[in-house]
Amino acid sequence: MRPIPLITATALLAACAMEPAPLPETDLPFFDVGYRAEGDQCRQLGEDGFTGEFLDHTADLVGCPEGMENLGVFVTETGAQEVARKDGYILYSVPSGI
């Protein structure tokens, strides 16, 4: 087996550390910070004509980009249930207190 040249290995590592793709444009009423921590791609949603039917006093309404790399981890860790999709985002109902 041939060793991988250092330049190739470095380039591969740099590609992994690249910034995530820009978030899709939308008119969804997102709050300004990430859902579980500032900077997270998933964000909590407020009420508007579209989201109103998905709001529940026992859960948070959260939107995540469809292509988010760790989406499965988010769903598993929070117990999120998909309720809708819009503008490249998946909307989840997440039980309060997560």
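Note that the numbering runs from 1 along the sequence shown for the chain. Note that this is a predicted model, so its numbers are computed, not measured.
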Minimum heavy-atom separation for Pro95 to Gly79, with atom names? CD-O, 3.7 Å
Residues in side-chain hydrogen bond (donor to acceptor under 3.5 Å, both in side chains) contact with Asp56, at least two apart in sequence or another chain: Thr58
Do the side chains of Tyr92 and Val75 get nearer than 4.5 Å, heavy atoms only? yes
Can you list every disulfide (SG to SG under 2.5 Å) pair that touches residues 55-93, not counting sequence neighbours? Cys42-Cys64
Quick one: side-chain hydrogen bond (donor to acceptor under 3.5 Å, both in side chains) partners of Asn70, sequence neighbours excluded? none
Assess whether side chain to side chain contact (heavy atoms under 4.5 Å, CB included) is satisfied between Glu47 and Leu61, documenting all intermediate values. CA-CA 9 Å; Glu47 185 172 4; Leu61 183 62; over 6 Å; no
Can you tell me if CD on Glu82 sees more than 12 non-hydrogen neighbours from other groups inside 6.0 Å? yes
Say whether, by atom type as modelled, one donor and one acceptor occur between the side chain of Thr51 and the main chain of Asp48 under 3.5 angstrom. yes
Can you find a heavy atom in the side chain of Tyr89 that is under 4.5 Å from one in the side chain of Val62? no
Sequence-distant partners of Glu66, side chain to side chain contact (heavy atoms under 4.5 Å, CB included), two or more places apart: Arg85, Ile90
Partner set under side-chain hydrogen bond (donor to acceptor under 3.5 Å, both in side chains) for Ser93, not counting sequence neighbours: none
Do Arg43's NZ or CZ and the ring of Tyr35 fall within the cation-pi criteria of under 6.0 Å and 45°? no
Can you name the closest pair of heavy atoms from Glu25 and Asp87 and give their distance? O-CB, 3.8 Å
Measuring from Leu45:CG to Leu55:CG, what's the distance to the nearest 0.5 Å? 8.0 Å
Are the side chains of Val83 and Glu53 in contact, using a 4.5 Å heavy-atom criterion? no
Residues which pass ring pair (Phe, Tyr, Trp, His ring centres under 6.0 Å) with Phe50, listed by chain and number, not counting sequence neighbours: Phe54
Quick one, Gln41 and Glu69 - any side-chain contact, counting heavy atoms below 4.5 Å? no
